Student: 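First the structure, which I've put down as structure tokens, then a few questions once you've had a look.
Worth saying up front: this structure is predicted, and the values here are computed from it rather than measured. Each chain gets a letter, A, B and so on, in the order the sequences are listed, and its residues count up from 1.
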2 protein chains.
Amino acid sequence: MPTIKDVAKALNLSITTVSRALDGYDDVADSTRELVIKTAHKMGYTPNRAARQLRRQQTDTIGYILPTEKPQFADPFYSEFIAGLGDTAAASNFDLIVSAAPPDSSAEKALYERWVQGRKVDGIIINRTRLLDWRVQYLAERETPFVSLERSQLPVEFIGVETETNQGMIELISYLANQGHSRIAYIGASPDLKIEYDRHLGYQVGLQEAQITSDPSLTIRANLTPEGGYQAVRQLLALANAPTAIVCVNDLTAIGAMHAAHESGLKVGRDIAIAGFDGIADSAHTQPPLTTLDQPVYEIASRLVTMLLSLIKGDLLSERQVKIQPKLLIRPSTGG
Amino acid sequence: MPTIKDVAKALNLSITTVSRALDGYDDVADSTRELVIKTAHKMGYTPNRAARQLRRQQTDTIGYILPTEKPQFADPFYSEFIAGLGDTAAASNFDLIVSAAPPDSSAEKALYERWVQGRKVDGIIINRTRLLDWRVQYLAERETPFVSLERSQLPVEFIGVETETNQGMIELISYLANQGHSRIAYIGASPDLKIEYDRHLGYQVGLQEAQITSDPSLTIRANLTPEGGYQAVRQLLALANAPTAIVCVNDLTAIGAMHAAHESGLKVGRDIAIAGFDGIADSAHTQPPLTTLDQPVYEIASRLVTMLLSLIKGDLLSERQVKIQPKLLIRPSTGG
DNA sequence: AATATTTCCCAAAACGTTTTGGAGAATATT
DNA sequence: AATATTCTCCAAAACGTTTTGGGAAATATT
């Protein structure tokens, strides 16, 4: 594997000149630059990343840690999200390093420390942000560039992307109300998650706009998985006064919810309405197809990377806080 | 951020000794080693990865490239797969870098070159192996350690994990035959993929064992997505002599297939039987729940990393070729 | 008491870059 | 013709480790 020294020797130039020719400095003659570029290419020279990183004190790498729950972890949201991160990073010649850890665990903490202290990454992408997320505190204190999907409640400047949920929820619930539903339940997630906070709030605002009085017994917390949604619906259907429509915090929950409804002999879309949130690809092919608030996951991921990279480079970011409007996709799971 | 030099100065030792104390060499007194470890920890010292990499000429990093298809890419298989890769790598203090590129594209080639030539990774994980996969040729030629999920047909030693499909397919098809099905279709994927080769072969062997003569018009190729499965079933149902059972190359295809069947007014599990392959988490919650050949994705990923790491370290690998038996999960989508 | 061995430590080189601070040659300006 | 300016180039230092090849002191062996 040729080094810069080999290229220099082959051309009888100093390594300084080769380096500067390759990096586009203007204190090297055009003729030599061309020559350098050509022979470097011919010799198959690629700069050694470690050496460059050591000297430059930066890594050209960004990090992302998957929020894996204990046993199994399979959410199509994340494969699309990671594809977006990886693609966009690669387009700027950055690398993406990925690891996995349960949220708010010691393993998570250890990973962040390893990456931040060891100067393993130039910046970090956070998602599934929690209301009082130690990660944003930690990264802000250490002045490590980071962007997040969803805003925490900590007094730290928020840079990233957030989904504006209220409008979409209002649309969804008004649609359900127009279909004649008045007992509309909500299946949420852990209350320390910002998405749960937002989506539950959106649900309540939606009810209010539709002039439906909120019934606390119709809000129930699950864990973002099909299993969670399945169990939650079994509870809801056991209620004396069971709901006729159910809004779920994400599509996976809705998939489990539909399963439980079917199992109880209800025809989803006729006997009960069920809606999700995320717009994962599967949602178009569930039986019946799922009404959902669709988010452009790939673009969100891509946008986050773009923002993070300019943060790292010290460019001034015109838009530090991007708001995304989810799009209501009405499908047969809510009748109509 | 303290360096090894700071630690050495604080203890009035040489950096050599500090380095060797930390690395566990036995030519340093136990008392000093303890002292070094303690103060290094107290000072918050973490070795700089770039410097270590440069000196050691290795990166403690493995790479994986997602096979993203053009528009959207969301397959829960991959979120679980990546979680397994990341977890297991992190447990050995290795990092996982992830990027994305369409299979067999110039972008894919560019990424591999960047990683291999630039010594960015110590080893690579391959999946969705193709029959004549340029990647295995390339990596073998460059003597870059790699492991793959599924074996190519190239004359290169195979190291990795493969799924033994025939047995599972025989079970599945014999089950279908016992249910009275004799027109059993197969929806596959691109024929250059090893999984397509294997699973299609398994299907044919299964038919043979069940003494059903194979009808070529019942094999149809899709693209591993729900959309593909959906379109394929529309074609199949338009046949003069339509199938009564359909075996799909993966669960996503099966999900789309069920959708199309429903849409044609067929009740899946009663009027038509549909089965998938992979055992993604959703498959338990489709309507009806999907019969599938379940693979332990997380364990497969984890196993691949373990193998790759010993390959990198030069340990002798006792098992270079691991065979996995998928497990048939019979669910209502095939009636019964 | 001399020699051999073990124990514990260290100075210096090396890994492959980028950057600093010029220096000589060519050209432009007086 | 002398001086100033611009063009090109380069030697050397630095980034933070690990490893090599000892070397001095302490201990064991004759």
Student: Please tabulate, one pair per line, each protein N/O and nucleotide N/O from nucleotides 25-27 of chain D that are separated by under 3.5 Å, including the distance.
Tutor:
none

Student: Below the 4.0 Å mark, does C:dG16 have OP1 or OP2 next to a side-chain nitrogen or oxygen of B:Gln57?
Tutor: yes
Student: Could you state the CD-C1' distance from B:Gln53 to C:dA14, rounded to the nearest angstrom?
Tutor: 16 Å
Student: Let me know the distance between CD of B:Gln58 and P of C:dA14, rounded to the nearest Å.
Tutor: 20 Å
Student: Is the phosphate of D:dT20, meaning OP1 or OP2, less than 4.0 Å from a side-chain N or O of B:Tyr25?
Tutor: no
Student: Any side-chain heavy atom of A:Ile124 within less than 4.5 Å of one from A:Val116?
Tutor: yes
Student: Run through A:Thr61, A:Asp60, A:Asp95 and flag the one making a side-chain hydrogen bond (donor to acceptor under 3.5 Å, both in side chains) with A:Arg49.
Tutor: A:Asp95
Student: Does the pair B:Arg128/B:Glu108 count as a salt bridge with the N-to-O cut at 4.0 Å?
Tutor: no
Student: Is the A:Trp134 ring parallel, tilted or perpendicular to the A:Tyr112 ring (thresholds 30°, 60°)?
Tutor: perpendicular
Student: Would you say CG of A:Asp27 has more than 12 non-hydrogen atoms from neighbouring residues, nucleotides or ligands within 6.0 angstrom?
Tutor: yes
Student: OP1 or OP2 of C:dT18 sitting under 4.0 Å from any side-chain N/O of A:Ser19?
Tutor: yes
Student: A:Leu35 CG to D:dC9 P: how many Å, rounded?
Tutor: 10 Å
Student: Tell me the interatomic distance from A:Arg49, atom CZ, to D:dC15, atom C1', rounded to whole angstroms.
Tutor: 17 Å
Student: Is the number of heavy atoms from other residues, nucleotides or ligands under 6.0 Å of B:Lys313 NZ greater than 12?
Tutor: yes
Student: Between A:Thr129 and A:Arg151 (side chain of the first, backbone of the second, donor and acceptor by atom type, cut-off under 3.5 Å), is there such a pair?
Tutor: no
Student: Could you state the CZ-P distance from B:Arg119 to C:dT17, rounded to the nearest angstrom?
Tutor: 12 Å
Student: If you restrict it to nitrogen or oxygen atoms, what contacts under 3.5 Å exist between nucleotides 9-11 of chain C and the protein, and what is each distance?
Tutor:
residue : atom : partner : partner atom : Å
C:dC9   : OP2  : B:Ala29 : N            : 3.0
C:dC9   : OP2  : B:Thr32 : OG1          : 2.8
C:dC9   : N4   : B:Asp27 : OD2          : 2.9
C:dC10  : OP2  : B:Ser14 : N            : 3.0
C:dC10  : OP2  : B:Ser14 : OG           : 3.3
C:dC10  : OP2  : B:Thr17 : OG1          : 2.7
C:dA11  : N7   : B:Thr16 : OG1          : 3.2
C:dA11  : N6   : B:Thr16 : OG1          : 2.8

Student: Which whole-number value in Å describes the distance from A:Leu54 CG to C:dA14 P?
Tutor: 17 Å
Student: Are the side chains of A:Thr46 and B:Glu113 in contact, using a 4.5 Å heavy-atom criterion?
Tutor: no
Student: For B:Glu157, does the CD atom have more than 12 heavy-atom neighbours from other residues, nucleotides or ligands under 6.0 Å away?
Tutor: yes
Student: Check the side chains of B:Asp122 and B:Thr59 for a donor-acceptor pair under 3.5 angstrom, ignoring hydrogens and angles.
Tutor: yes
Student: Do the side chain of A:Arg55 and the base of C:dT18 come within less than 3.5 angstrom through a donor-acceptor pair of N or O atoms?
Tutor: yes
Student: Quick check: any donor-acceptor pair below 3.5 Å linking the side-chain of B:Arg52 to the base of D:dT17?
Tutor: no
Student: Starting at atom CZ of B:Arg56, determine the distance to atom P of C:dC15, rounded to an integer number of angstrom.
Tutor: 17 Å
Student: At 10 degrees resolution, what angle do the end axes of the helix from C:dA1-D:dT30 to C:dT30-D:dA1 form when each is taken over five base pairs?
Tutor: 50°
Student: Would you indicate whether A:Glu143, at its atom CD, is surrounded by more than 12 heavy atoms from other residues, nucleotides or ligands within a distance under 6.0 Å?
Tutor: no
Student: Atom CG of residue position B:Asp315 - does it have more than 12 heavy atoms of other residues, nucleotides or ligands inside 6.0 Å?
Tutor: yes
